There are 2 protein chains.
Amino acid sequence: MGIQNFHLTFMLPSINNTFYSGAGPILVAVDCIIFGFDKQRLKLLLFKRKVEPFKNEWSLIGRFVKSDESVYTAAERVLEESTGLSGVFMEQLACYGAEGRDPGGRVISIAHYALIRLEEQEEQAVETYQAHWYEVDKVPPLILDHNDMVADAFSKLRRRARYQPVGFELLPEKFTIPQLQTLYEAIYQKPLDRRNFRKKILSMKILEKLPEKDKSGSRKGAFLYRFDENKYQELMARGVDFEL
Amino acid sequence: MGIQNFHLTFMLPSINNTFYSGAGPILVAVDCIIFGFDKQRLKLLLFKRKVEPFKNEWSLIGRFVKSDESVYTAAERVLEESTGLSGVFMEQLACYGAEGRDPGGRVISIAHYALIRLEEQEEQAVETYQAHWYEVDKVPPLILDHNDMVADAFSKLRRRARYQPVGFELLPEKFTIPQLQTLYEAIYQKPLDRRNFRKKILSMKILEKLPEKDKSGSRKGAFLYRFDENKYQELMARGVDFEL
DNA sequence: TCAAAAGTGTTCAAGTTACACCCATGT
DNA sequence: ACATGGGTGTAACTTGAACACTTTTGA
């Protein structure tokens, strides 16, 4: 994250061995790469900074970690404060700790990525506070090393999708197989064969077919499915080969 | 890492918005999970703490990050200070940032794992300064959350071995195919078929056969091989399916 | 001559890829 | 009636898994 003008005084009294010399002052921040899928495209939530420096530039959302909260809690807080969402899937990506990464001061950032289900109303809602959902392949230049974070998060998502199902986190409860395929095509950034995709995903037996159709995508309509949560969790834990 | 008795005074003058409230004081440390392979077994370098608290208990090696060095540099420094080695493969594992993880204070640690070639003399050398090479499946209880770090590092190494070759980092320049197989068996913790292993690894064409034999492992002796660095780098970059 | 590890090929099963036609529906 | 996307099966190929015997050499 970027820093405003700030000054620190950092004192370490009673330092009596080399163990602590030079420790701090380093500020610890979290930044969130928020992925969303709107049944069509994989998107990323970006924010227009309201404060200097970098005012009006695009960036990820972040905050400083408080000394009485865990890093993970801080990331949850960021997510909640910026989107109102809680309880969503989130995982640590990496720590960005280069010395000169933030010209405003010595700040390291623990980047986290989150996967959320994107409903139409939410997609509009965020616009009101200087945020925008960008398609993953149309991300504008961001401040600091945020473009690196985005690239790393996307590549981690791609790798993760190979050995653990990710659909549950990004899709609404009920979805069609073509929608699921569109999601994977967005993640892998390549077209997949309809018949093979269906065969593979059904062979995992994590989908429950519902007696309803979603007709928003075609005249004929596509059957809705739901994840079988137990089997899904089992696959998540075990780790599956989901090479496509 | 663990902390001795310490007190901090942390002042943030001219805080004029919520952006900085509660920021710090958090100390940033790095800990290193150091893997070594001695042609037989995969080992982990552990240290007996010389200072309170946790004096004489086993732990990973770590240090605080200085404010004028990058996190990665700090990890390199730790490695160099504790083993004398530099230029070895090292990669960030994760940030451990739970609030109460270190009873001595608010410290987060960016864990890194390193892979090094283990020569016999080194294996002895470290003993002199309260360190010991433990086999990966015989790691003793460690301080703080260090056992978690070890488990996570080992699991990351296993996953990494599936899509990027790791042998180059852990083996001496010249090695035999049975040695390489032993390494993979140690990583995956399961026996592999000799014929299939040889077939697969040779089909990648990253090995160069030398006209020498290593007779240390058998009467007959096994041919020595060397990695073709160019092709190896190419595979590292591209990422290969090295499922075994 | 024998013990111990190195080296080598083939068969079978499973999984992945490629590919084309009919179906249901709203307009 | 037609345009649009949904749904299905099969054949060729590739890949991974299983498996046993011969070779070399030092003691």
Side-chain angles (χ1 to χ4, degrees), chain A residues 38-41 161-163 165 167 171 174-186 188 190-226 235 238-244, chain B residues 38-41 161-163 165 167 171 174-226 235 238-244:
Chain A
D38 68 355
K39 296 185 184 168
Q40 293 289 333
R41 301 185 174 280
R162 284 184 190 278
Y163 66 94
L171 288 168
K174 301 173 184 180
F175 54 88
T176 69
I177 289 188
Q179 278 165 11
L180 184 60
Q181 177 174 347
T182 305
L183 169 58
Y184 274 92
E185 288 178 331
Y188 291 149
K190 70 174 183 193
L192 301 170
D193 182 90
R194 282 213 316 287
R195 288 157 289 193
N196 295 337
F197 180 84
R198 181 181 294 266
K199 215 185 309 172
K200 175 117 191 185
I201 196 82
L202 288 177
S203 75
M204 294 184 184
K205 304 205 196 294
I206 51 174
L207 295 188
E208 183 187 349
K209 188 173 186 173
L210 301 173
E212 317 164 51
K213 282 191 165 190
D214 169 26
K215 299 211 172 179
S216 67
S218 71
R219 313 246 151 99
K220 183 178 178 182
F223 277 104
L224 286 164
Y225 288 77
R226 177 160 58 192
L235 276 202
R238 183 151 44 96
V240 184
D241 178 23
F242 195 73
E243 185 98 28
L244 279 173
Chain B
D38 67 357
K39 296 186 184 167
Q40 294 290 332
R41 300 185 175 283
R162 284 183 191 278
Y163 67 92
L171 288 168
K174 300 173 182 180
F175 54 87
T176 67
I177 290 189
Q179 279 165 12
L180 185 60
Q181 179 174 345
T182 305
L183 169 59
Y184 273 93
E185 288 178 331
I187 291 174
Y188 292 149
Q189 306 241 274
K190 69 173 184 195
L192 301 171
D193 182 89
R194 283 214 314 288
R195 291 156 287 194
N196 293 338
F197 180 84
R198 181 181 294 268
K199 216 184 310 170
K200 176 117 189 183
I201 197 81
L202 288 177
S203 75
M204 294 184 185
K205 302 204 197 293
I206 51 174
L207 295 188
E208 183 187 350
K209 187 175 186 172
L210 301 173
E212 314 163 55
K213 282 191 166 190
D214 169 27
K215 298 211 172 178
S216 66
S218 71
R219 311 248 149 97
K220 183 178 177 181
F223 277 104
L224 287 164
Y225 288 77
R226 177 161 56 193
L235 276 202
R238 182 151 44 96
V240 183
D241 180 22
F242 195 72
E243 186 97 27
L244 280 173

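Letters go in sequence order (proteins before strands), and every chain restarts at 1. Note that the structure is a prediction, hence the values are computed from the model and not measured.
Residue A:R198 contributes atom CZ, which lies 8 Å from atom P of D:dG6 at whole-angstrom precision. Separating the CG atom of B:L192 from the C1' atom of D:dA18 is a distance of 14 Å, rounded to the nearest angstrom. For the pair A:Q181 CD and D:dG7 C1', the interatomic distance rounds to 12 Å; values are reported in whole Å. When rounded to the nearest whole Å, the span between CZ of B:F197 and P of C:dA6 equals 12 Å. Put simply, CD on A:E212 is 17 Å from P on D:dG6, counting in whole angstrom units. For the pair A:L224 CG and D:dG7 P, the computed distance is 10 Å after rounding to whole Å. When the P atom of D:dG6 is taken as reference, atom CG of A:L202 falls 14 Å away, rounded to whole Å. The NZ atom of B:K190 sits 13 Å away from the P atom of D:dG16 (whole-angstrom rounding).
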Each nucleotide in nucleotides 19-27 of chain C should get exactly one letter: B, S or -. Can you fill that in based on protein heavy atoms under 4.0 Å? BB--BBBB-

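Listed by chain and number, the residues in a salt bridge (Lys or Arg N to Asp or Glu O under 4.0 Å) with A:E185 amount to none (sequence neighbours excluded). Residues satisfying the salt bridge (Lys or Arg N to Asp or Glu O under 4.0 Å) test with A:K174, not counting sequence neighbours, are A:E212.
Between B:Q179 and B:D214 the shortest heavy-atom distance is NE2-OD2, 3.0 Å.
Note that CD of B:Q181 and CG of B:D193 are 7.5 Å apart. Values are rounded to the nearest 0.5 Å.
Side chains of A:L183 and A:F175 form no contact here, defined as non-hydrogen atoms less than 4.5 Å apart. Proximity of A:I177 to A:Y225: side-chain heavy atoms (C-beta onward) are separated by under 4.5 Å at one or more points.
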